[in-house]
Amino acid sequence: MKKDYRKAMPILPIRTVMQITNLSARQIRYYEEHELVEPMRTDGNRRLFSLQNVDELLEIQELLEEGVNIAGIKKVFALKRTSNSHTYRGKTISNGELRAIVLREMQALS
DNA sequence: TTTCTCACA
DNA sequence: TGTGAGGA
């Protein structure tokens with residue numbers, strides 16, 4: 001938790017991110033449009049990604065493969081930014097459990 | 001050379 | 001999502 005800032009520092013050009021995620025530049029920019037990732041910008045308007053961004057991109061890939069759409073991914077990500085315990089139907093559950101529930105509900109909708 | 005935005009036979 | 005144009 002002490003060295004997390006390292007994972008947040010914007011240092012990777014889109015080219016590198018493409019190589020480690022196997023995503024096309026088009027896809028990466030598309031996900032940014034939908035606020036799934038928010039890379040930093042250089043003076044010349046070039047995108048700079050952090051290791052955290054890469055992890056987010058990789059998770060987007062997984063969720064997409066699981067059949068979750070952009071809207072669903074936004075919900076899952078929203079959960080990660082909130083506390084670790086939630087109230088669902090009167091019961092207190094963990095972030096992981098809620099995530100599983102959201103995923104199941106998103107599947108049911110599609 | 002690489003990346004950016006915009007637009008679509 | 002791909003691809004090419006035109007610029008930085």
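Below, chain A is the first sequence line, B the second, and so on; all start at residue 1.
- A/Ser50 places a side-chain N or O within 3.5 Å of a backbone atom of A/Lys7 that can act as its donor or acceptor partner.
- Secondary-structure stems of DNA chain B, taken as three or more successive Watson-Crick or G-U wobble pairs (i with j, i+1 with j-1) under a 3.5 Å distance threshold, comprise B:4-8 with C:2-6.
- In plain terms, the two heavy atoms of A/Ile70 and A/Tyr30 that are nearest each other are CD1-CE2, 4.2 Å.
- Summarising the geometry of A/Leu48 relative to A/Asn53, their closest heavy-atom pair is O-OD1, 4.2 Å, with the distance given to 0.1 Å.
- Between A/His34 atom NE2 and C/dT1 atom C1' the separation is 11 Å, expressed in whole Å.
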Polar atoms only, N or O, under 3.5 Å: list the protein pairs with nucleotides 3-5 of chain B and their distances.
{"unit_1": "B/dT3", "atom_1": "OP1", "unit_2": "A/Arg15", "atom_2": "N", "d": "3.2"}
{"unit_1": "B/dT3", "atom_1": "O4'", "unit_2": "A/Arg46", "atom_2": "NE", "d": "3.3"}
{"unit_1": "B/dT3", "atom_1": "O4'", "unit_2": "A/Arg46", "atom_2": "NH2", "d": "3.2"}
{"unit_1": "B/dT3", "atom_1": "O2", "unit_2": "A/Arg46", "atom_2": "NH2", "d": "2.7"}
{"unit_1": "B/dC4", "atom_1": "OP1", "unit_2": "A/Arg47", "atom_2": "N", "d": "3.1"}
{"unit_1": "B/dC4", "atom_1": "OP1", "unit_2": "A/Arg47", "atom_2": "NE", "d": "2.8"}
{"unit_1": "B/dC4", "atom_1": "OP2", "unit_2": "A/Arg29", "atom_2": "NE", "d": "3.1"}
{"unit_1": "B/dC4", "atom_1": "OP2", "unit_2": "A/Arg29", "atom_2": "NH2", "d": "2.6"}
{"unit_1": "B/dC4", "atom_1": "O3'", "unit_2": "A/Asn45", "atom_2": "ND2", "d": "3.2"}
{"unit_1": "B/dT5", "atom_1": "OP1", "unit_2": "A/Arg41", "atom_2": "NH1", "d": "3.2"}
{"unit_1": "B/dT5", "atom_1": "OP1", "unit_2": "A/Arg41", "atom_2": "NH2", "d": "3.1"}
{"unit_1": "B/dT5", "atom_1": "OP2", "unit_2": "A/Arg47", "atom_2": "NH2", "d": "2.4"}

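- Within a heavy-atom distance below 4.0 Å of DNA chain B, no residue of residues 50-61 of chain A is found.
- Heavy atoms only, all atoms of each residue included: A/Gln61 and A/Thr21 are closest at NE2-O, 2.9 Å.
- The environment of A/Glu35 atom CD is sparse: at most 12 non-hydrogen atoms of other residues, nucleotides or ligands sit within 6.0 angstrom.
- Donor-acceptor pairing under 3.5 Å is lacking for the side chains of A/Gln52 and A/Asp55.
- Taking 4.0 angstrom as the limit, A/Tyr31 places a side-chain polar atom (N or O) nearer than this to OP1 or OP2 of C/dT1.
- Between A/Val37 and A/Ile28, the shortest heavy-atom distance links the atoms CG2-O, 4.3 Å.
- Looking at A/Pro39, A/Pro13, A/Pro10 one by one, the single match for side-chain contact (heavy atoms from CB on, under 4.5 Å) with A/Phe49 turns out to be A/Pro39.
- Closest approach of A/Phe77 to A/Leu36, counting heavy atoms only: CE2-O, 3.5 Å.
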Q.
Walk me through whether A/Arg41 and A/Arg47 qualify under side-chain contact (heavy atoms from CB on, under 4.5 Å).
A. CA-CA 5 Å; A/Arg41 295 285 183 144; A/Arg47 268 170 272 251; 2.9 Å; yes
